[in-house]
Amino acid sequence: MWSGLIKPIVKLNVKQQLILLFLIMISPILILNSYGNMKAEQILKRHVTNAYVELNKQNFTIINRDIDTVNKITTTVIQNPLIQQINMTGNDPILERVMRYETIEKLLASYSQGAERGDGIYYSLYVYDPDDYYFFAPNFPQVKKAGVYFFSKGEQPYWFEEAVEQKGHGYLMFAEKLSPQAENLKTLTYVRAVNNIYKGAKTIGVLVVTKMESKIGASLQSISLPEGEIYLTDLNNRVLASTTNDTGEVITLPDSAEVGDPEGTVDVITSDFIYVVNNNHILGQKLVYKIPVKALLQQQNEMKRVIQYITVAYALFGLIIITYFWRSLMTPLQKLAFFVRKYEPGNRVPETPRRGSNDEVSVLIASTYDMARRLNGLIMYKYQMEIKQKESQLQLLYQQINPHLLYNTLESIYWKSSLEGNVESAEMIKELSKLMKISLSRGRELITLEEELEHATAYIKLQQHRYDYVFDVVWKIHPDAKSYLIPKITLQPLIENAIIHGVKNMGEDGEIIISASVEEEIIRITIEDNGYKTVDYMAIEAVLNDESPNPASGYGIRNINQRIHLHFGSDYGIDYAQRKEGGTIVTVKLPKSENQE
């Protein structure tokens with residue numbers, strides 16, 4: 001018998017199985033609800049209503065305490081000397097007014113609470129400024145921002161005079177718009193006039209606390225009513241705060257809750273809802289609970305026992321069904337989820353688990369394992385291609401390094417020339433030998449800046465001997481920079497450009513300045529010349545950065561820039577610019593990197 005029932009279920013796909021499971025699970029609940037609702041009308045409502053009356057009183061006390069807390073904070077703000085000393089005579093300097101404005105802004109911002117949680121309240125001060133003494137202050141009030149706002153007579157908010165007439169008494173007010181210049185956002189505010197405590201009843205301005213609906217709403221949300229709604233309204237039933245999104249709307253209460261609006265708590269039970277209304281004429285507020293009757297109905301004892309029996313039978317039957325579906329559906333999916341969480345690209349992928357059926361779950365598992373294997377292959381291929389690409393680039397960039405044989409031969413020629421008395425030729429060969437020695441660098445691609453400067457010095461001396469150049473060379477090297485690493489043969493091509501394209505024909509007037517400095521985590525090297533020739537910096541920029549530069553422009557500086565990128569990343573490299581005094585300056589930017597050997 002059981003095999004005859006289970007066999008058709010096994011043939012269903014996952015979607016059909018889930019639909020069947022849903023129907024099996026939901027059908028008893030529907031039947032149970034129908035039977036329970038039929039008996040629910042017989043349950044008395046008064047006991048539940050009395051409990052909500054007491055809860056309403058406690059809730060109203062908490063809300064009044066929150067409002068009192070805000071009132072105390074406004075008292076502290078009003079009594080602050082910065083507020084009391086606001087001067088609207090215009091006698092003080094503008095700088096002093098600006099500083100006072102910024103200080104008060106920071107003061108109000110410090111009292112604003114909860115902005116990071118999304119339920120913040122914001123303190124703002126509105127001051128009447130008919131002579132526009134604070135013209136520099138922004139006058140665009142925002143609901144979610146503390147600030148000081150000065151306004152002229154034509155810009156006065158509609159509520160300002162009413163707040164002043166209250167003579168320092170704070171009250172809740174629902175604002176459609178804070179001022180004519182403000183954003184169109186509704187908000188519940190706590191409004192209180194700021195009077196000068198030193199000059200009698202003179203009014204300084206009005207302190208406005210916005211987003212009070214968030215603070216009061218938090219107190220309302222702390223009360224859990226089954227499918228119920230909580231409203232804080234004024235005496236005209238306009239919603240000031242609620243657990244719904246009805247702020248600013250006018251709610252309708254039963255007539256029996258409106259007659260005379262007696263002070264204290266009134267409860268009204270209708271066929272659909274239970275209303276608990278707490279009236280406070282001193283504060284001009286009402287706290288209204290609206291609870292659906294159907295959500296509060298309880299079962300009689302006999303009905304409870306019947307439902308319990310049905311629930312137990314249903315739970316056992318549901319447990320059997322869920323166990324079956326868990327083994328056939330959820331267990332493979334759990335294993336798949338464990339594999340996906342544990343899998344790291346590049347790690348070995350285990351053998352694909354096999355299942356007896358060929359449903360969607362089996363296809364999903366097999367596809368996921370195959371996808372992981374393909375991903376591993378792509379990662380390995382990409383990694384190998386990147387290594388080969390960098391090896392090829394570095395090999396191409398350093399293919400011009402001379403062999404050791406040439407260096408040794410130059411050393412021999414130097415000593416022979418010295419012995420024969422050819423001092424000048426010997427010196428040129430010696431400098432060329434230094435160039436070759438540092439170029440080889442025992443196979444190192446990165447050398448210290450001190451070694452690179454030695455290489456550059458040898459090159460300059462060689463050029464001066466070779467062409468009888470008489471230009472000046474100024475060295476400004478910070479001692480701390482010499483130990484940091486630089487790609488070898490970086491400075492020599494840049495100095496060569498400065499000689500050929502800058503000071504070549506200037507005689508003694510030519511000057512090259514070579515500097516190196518340490519700036520936090522950066523090494524900055526500059527080569528400056530005072531050449532007079534016109535330089536096309538846009539063409540140089542194209543050579544450095546374009547993907548396909550013009551071959552006629554040369555590859556020397558591009559070679560240097562690419563080598564720096566390969567060693568240290570694209571954040572570093574070289575840059576050409578015009579000197580203020582005339583000529584060209586090239587800057588080499590490198591990270592602070594030291595030899596770890």
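Below, all heavy atoms of this structure are taken into account, side chains as well, without hydrogens, waters or symmetry copies.
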Ignoring hydrogens, what is the shortest heavy-atom contact between L491 and A456? Give both atom names and the distance.
CB-CB, 4.4 Å
Taking it one step at a time, do R100 and E96 satisfy salt bridge (Lys or Arg N to Asp or Glu O under 4.0 Å)?
CA-CA 6 Å; R100 182 184 299 115; E96 184 176 336; 3.2 Å; yes
With a 4.5 Å cut-off on side-chain heavy atoms, are K215 and V70 touching?
yes
A side-chain contact here means heavy atoms from C-beta on lying under 4.5 Å apart; do L590 and I522 qualify?
no
Under 4.5 Å between any side-chain heavy atoms of Y190 and L207, yes or no?
no
Kindly indicate whether the side chain of I121, heavy atoms from C-beta on, has any atom under 4.5 Å from the side chain of T210.
no
Evaluation steps, side-chain contact (heavy atoms from CB on, under 4.5 Å), between T103 and L107:
CA-CA 6 Å; T103 305; L107 172 68; 5.7 Å; no
I want to check a possible cation-pi pair here: K589 against Y572, using under 6.0 Å from ring centre and within 45° of the ring axis as the test.
yes
For residues G502 and M506, report the shortest heavy-atom separation together with the two atoms involved.
O-SD, 3.6 Å
Do side-chain atoms of R192 reach the backbone of N71 as a donor and acceptor pair under 3.5 angstrom?
yes
Do any N or O atoms from the side chain of W159 and from the backbone of L178 form a donor-acceptor pair under 3.5 angstrom?
yes
I86 and L125, any side-chain heavy atoms less than 4.5 Å apart
yes
What heavy-atom pair brings Y123 and A146 nearest, and what distance separates the two atoms?
O-CB, 3.1 Å
Side chain proximity check, T187 to Y122, heavy atoms < 4.5 angstrom:
no
Any donor-acceptor pair under 3.5 Å from S112 side chain to L108 backbone:
yes
Do the non-hydrogen side-chain atoms of L453 and W475 ever get within less than 4.5 Å of each other?
yes
Look only at the side chain of R524 and the backbone of V518, and say whether a donor-acceptor pair between them is shorter than 3.5 Å.
no
What heavy-atom pair brings D129 and Y134 nearest, and what distance separates the two atoms?
OD2-N, 2.8 Å
Step-by-step side-chain contact (heavy atoms from CB on, under 4.5 Å) determination, S179 to Y149:
CA-CA 10 Å; S179 74; Y149 305 103; over 6 Å; no
How many angstroms lie between CD1 in I585 and CG in D575, if you round to the nearest 0.5 Å?
9.0 Å
Separation between CD (Q492) and OG1 (T457), nearest 0.5 Å, reads 12.0 Å
What closest approach, in Å, do I477 and S515 show between heavy atoms, and which atom pair accounts for it?
CD1-C, 4.0 Å
Start with the C-alpha gap between I512 and D472, add the side-chain angles, then the distance that decides, and say whether side-chain contact (heavy atoms from CB on, under 4.5 Å) holds.
CA-CA 6 Å; I512 294 177; D472 290 332; over 6 Å; no
Looking at T189 and A175, what are the two nearest heavy atoms and their distance?
CG2-CB, 4.3 Å
Looking only at atom types and distance, does a side-chain atom of K211 sit under 3.5 Å from a main-chain N or O of K144, one as donor and one as acceptor?
no
Checking side-chain polar atoms at under 3.5 Å, does T74 have a donor or acceptor matched by the opposite partner on Y111?
no
Within the 6.0 Å centroid threshold, strictly below: Y126 and F160
no
Worked verdict on N561 versus N545 for side-chain contact (heavy atoms from CB on, under 4.5 Å)
CA-CA 9 Å; N561 202 41; N545 299 312; 4.1 Å; yes
So, for F135 and Y133, is the gap between ring centers shorter than 6.0 Å?
no
T448 and its side chain to side chain donor-acceptor pair (under 3.5 Å) partner, picked from E450, E451, E452
E451
Between E155 (side chain only) and S152 (backbone N and O only), is there a donor and an acceptor less than 3.5 Å apart?
yes
Would you give the length of the straight line joining atom OH of Y484 to atom CG of L449, rounded to the nearest 0.5 angstrom?
11.0 Å
Tell me if the CD atom of E508 is crowded by more than 12 foreign heavy atoms within 6.0 Å.
no
With a 4.5 Å heavy-atom cut-off, do V206 and V194 have their side chains touching?
no
Kindly say whether N195 contributes a backbone atom to a donor-acceptor pair with the side chain of Q84 at under 3.5 angstrom?
yes
So, taking the atom named CD in E386 and the one named NZ in K382, what distance separates them when rounded to the nearest 0.5 Å?
3.5 Å
To the nearest 0.5 Å, tell me how far I574 CD1 sits from T587 OG1.
10.0 Å
Under 3.5 Å, side chain of E105 to main-chain N/O of V148, donor-acceptor pair present?
yes
When rounded to the nearest 0.5 angstrom, what distance separates CD1 in I489 from CD in E445?
9.5 Å
Can you give each donor-acceptor pair under 3.5 Å made by side-chain atoms of residues 525-536, sequence neighbours left out, with the distance rounded to 0.1 Å?
from	atom 1	to	atom 2	distance (Å)
E528	OE1	R579	NE	2.9
D529	OD1	G531	N	2.9
N530	OD1	E511	N	3.0
N530	ND2	D509	O	2.9
D536	OD1	M538	N	3.3
D536	OD1	A539	N	3.2

